[in-house]
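Beneath this line is the structure, given in structure tokens, with notes to follow.
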Amino acid sequence: MMAMPALSVGSGVGVRPALSVPSCSTASSSSLRSSSNVGQARLSRCLWQKVAGERKLNLLGRKRILETVASAELNTVPLSEVASDSPAPISDRRLENEDIKEEARRHNRNEPCTTFSAKYVPFTPGIVSSEEYSLDEVIYRSKTGALLDVEHDLCALKKYDANYWKNLFDSRVGKTTWPYGSGVWSKKEWVLPELDNDDIVSVFEGNSNLFWAERFGKEFLQMNDLWVKHCGISHTGSFKDLGMTVLVSQVNRLRRLKKPVVGVGCASTGDTSAALSAYCAAAGIPAIVFLPANKISIAQLVQPIANGALVLSLDTDFDGCMRLIREVTAELPIYLANSLNSLRLEGQKTAAIEICQQFDWQVPDWVIVPGGNLGNIYAFYKGFNMCKELGLIERIPRLVCAQAANANPLYQAYKDGFENFKPITASSTFASAIQIGDPVSIDRAIYALKNCDGIVEEATEEELMDACAIADQTGMFTCPHTGVALTALMKLRKRGVIGPNDRTVVVSTAHGLKFTQSKIGYHSKELEGLASTYANPPVAVRDDFGSVMDVLRQKLSLRIPRTKFYRHARNEYNDFVFMTAVLAYLNMFYGRQ
């Protein structure tokens, strides 16, 4: 018997199924009792349990129950509306001294019965392989050395139509029901369907802002449908939270199963370590972080320190840290948390699903994603492709991977038609989180871009910092990596590749507050080799009214003539007398109008 996913996000609610729903003319109580006929819907389970104590139902009550189940559209229905004589609905209020996990257990949401499943398989597109692994195994590569991918049972998922999934996901937005208040775990059936809800480690990440960049689009790009997906509005200030909640939740499960995992480790350019440290701290799991010395911002460095991680500052770059963490995790029971581990991509792909959801299940024309280790560009492709496979959308948007020119191995390969990929030694870039010359997910990224007619573009240091400054002057507060993506957009728009009416989404991967050092350097014109064209430094002014007026006239183009009142007050009188004179002049001037 197939078990229906938990559809109700609050207690006392029945749900109408989207499958095999009998019409009003054919529905019967026997068909209702057959769970297979209605997909084991929560409505049939909940309603009949609540009337089980009553030997007889009056005709009106029976008719209203049948009509509710027979409705074809999935929706939530208060039990009090189903039958006038039905028992009172379960209270939505939590019991005294009950937390949201305990409430979920009381409503049987902690152990979801499901026939959905997922497993590790080698990432070898076009090559058939029988190799597969349980997600409970600690493994990162296949026998041949290929990366692993998480493969879902799409046949089981396809037994529910697109409207079912849309309505299910939409019903969970904005709720505090554990664990569906998270933008990641609201798509749990598509992420880790077999994970017990008690094992989930979440701070209700995701559900990040998708905003219309009206002024930036119209004034600087002549675009009327430009959007920014601000994944940096998250618990630790970056999109890495989306993947880390999945990975640490699975580690939590492994430790509960007594697997030999003493801690979780990662190499990081900053944001990965912040996310890992926070989620491990929430779960009480030791975190070990390898960071390249003097190559990340102070804001990024302080996050893992504050969250109690063991931080190793190494005299190397990210690629050197990555090499060392692989060697360490091969020898010690430390779980590897880098994007070499495909579990993180399951969480990151939900940002793509969320974009479709935020556009009322319409697809943008372009999505521009900064790329470093290149797991994220594949994650976005995977999220969009899963929506397409399950019928929620009809096409996949074209993806653009934006790289810093100082760390651009994918861009170099793209110019060569992806025929040859050569790792490089990445140079220093303000977009430090993507300062990676030998990306782990290169094969995944190339596969994704080829399958969506994707593009790779680059940004120099001056271009990305100028793009940040321009965007900030329209109300944003961008990180340098978003500056890379904005530069790619500006170049593609200038060449006419992206049209003025194309719906375009720029993915902002981190919050600008984590990179204030580079902004201070830009606006104070202290960045060597950069003109800082759009710098807006503070203006030093003497503490007297006349000096302030001089600056305001100059900066705001105020047309206040130097009258005898102004000169006399400026030179002879104190500020009070000067102010009186200016007000007298303004009164005289406007009195003539």
Side-chain angles (χ1 to χ4, degrees), residues 101 118-120 133-143 145 147-148 150 179 184 191-192 194-203 205 235-236 240-293 296 300-314 316 318-347 373 375 440:
K101 279 189 176 180
K119 61 188 177 183
Y120 290 129
Y133 303 92
S134 164
L135 298 185
D136 290 337
E137 293 191 50
V138 179
I139 186 168
Y140 311 111
R141 289 189 180 272
S142 71
K143 294 176 181 177
L147 294 173
L148 297 177
V150 175
V184 173
V191 178
L192 293 185
E194 297 170 285
L195 185 70
D196 292 344
N197 288 352
D198 273 355
D199 291 327
I200 290 175
V201 182
S202 172
V203 293
E205 53 291 309
H235 183 61
T236 69
K240 299 294 179 70
D241 293 351
L242 303 177
M244 210 56 74
T245 179
V246 176
L247 184 141
V248 175
S249 295
Q250 179 63 19
V251 170
N252 209 30
R253 169 180 167 83
L254 296 178
R255 286 164 64 89
R256 181 174 60 79
L257 296 175
K258 306 302 182 183
K259 298 283 185 177
V261 178
V262 298
V264 188
C266 76
S268 178
T269 52
D271 290 332
T272 300
S273 64
L276 175 65
S277 302
Y279 283 87
C280 281
I285 299 173
I288 303 95
V289 173
F290 287 17
L291 293 175
I296 67 171
Q300 291 172 302
L301 176 62
V302 76
Q303 286 180 281
I305 292 174
N307 287 138
L310 172 60
V311 178
L312 305 182
S313 182
L314 304 175
T316 182
F318 170 80
D319 297 314
C321 291
M322 191 69 220
R323 174 181 52 80
L324 287 169
I325 193 68
R326 287 185 198 174
E327 294 175 0
V328 168
T329 54
E331 296 295 327
L332 298 176
I334 296 174
Y335 197 80
L336 181 63
N338 285 94
S339 57
L340 178 68
N341 188 317
S342 54
L343 284 175
R344 277 178 48 194
L345 305 186
E346 292 304 292
N373 221 13
V440 167

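Bear in mind that the values here come from a model prediction, so they are computed numbers and not experimental data. Scope of the values below: all heavy atoms of this structure, side chains included, with no hydrogens, waters or symmetry mates.
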Residues that Tyr120 engages under ring-ring contact (aromatic ring centres under 6.0 Å, His included), provided they are two or more places apart: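 Once residues adjacent in sequence are excluded, Tyr120 has no partner under the ring-ring contact (aromatic ring centres under 6.0 Å, His included) criterion.
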Using a 4.5 Å cut-off on heavy atoms from C-beta on, say whether the side chain of [Y] contacts that of [X].
X: Arg344; Y: Asn341; value: no
X: Tyr335; Y: Leu247; value: yes
X: Ser202; Y: Pro179; value: no
X: Val440; Y: Arg326; value: yes
X: Asp198; Y: Ile200; value: no
X: Pro333; Y: Val261; value: no
X: Val184; Y: Val246; value: yes
X: Ile325; Y: Asn338; value: yes

Contact summary for [X] and [Y], nearest pair of heavy atoms:
X: Thr316; Y: Pro292; value: O-CB, 3.0 Å
X: Gly265; Y: Ile334; value: N-CG2, 3.4 Å
X: Val150; Y: Ser342; value: CG2-OG, 3.7 Å
X: Leu345; Y: Gly375; value: CD2-O, 3.5 Å

Over 12 non-hydrogen atoms of neighbours within 6.0 angstrom of CD in Glu331: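 Atom CD in Glu331 is not packed in, count stays at 12 or less.
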Starting at [atom1] of [X], measure out to [atom2] of [Y] and round the result to the nearest 0.5 Å.
X: Leu343; Y: Gln250; atom1: CG; atom2: CD; result: 5.5 Å
X: Leu276; Y: Met244; atom1: CG; atom2: CE; result: 5.0 Å
X: Leu340; Y: Leu148; atom1: CG; atom2: CG; result: 8.0 Å
X: Met322; Y: Asp319; atom1: CE; atom2: CG; result: 9.5 Å
X: Cys321; Y: Leu312; atom1: SG; atom2: CG; result: 9.0 Å
X: His235; Y: Gln303; atom1: NE2; atom2: CD; result: 9.0 Å

Audit row: Val262, Leu332, side-chain contact (heavy atoms from CB on, under 4.5 Å) steps and yes/no: CA-CA 9 Å; Val262 298; Leu332 298 176; over 6 Å; no
Quick check against the 3.5 Å criterion: does [X] have a side-chain atom that pairs as donor or acceptor with the backbone of [Y]?
X: Thr236; Y: Ala274; answer: no
X: Thr329; Y: Leu336; answer: no
X: Ser249; Y: Thr245; answer: yes
X: Ser268; Y: Ser273; answer: yes

Summary of salt bridge (charged side-chain N to carboxylate O under 4.0 Å, His left out) pairs that have at least one residue in residues 253-270, sequence neighbours excluded: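 Matches after skipping sequence neighbours: Asp136-Arg253, Asp196-Arg256, Asp199-Arg256.
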side-chain contact (heavy atoms from CB on, under 4.5 Å) between Glu194 and Leu135, intermediate numbers included: CA-CA 10 Å; Glu194 297 170 285; Leu135 298 185; 5.6 Å; no
For residues 279-291, dump all side-chain donor-acceptor pairs below 3.5 Å to protein atoms at least two apart in sequence or in another chain.
from   : atom 1 : to     : atom 2 : distance (Å)
Tyr279 : OH     : Glu205 : OE1    : 2.6

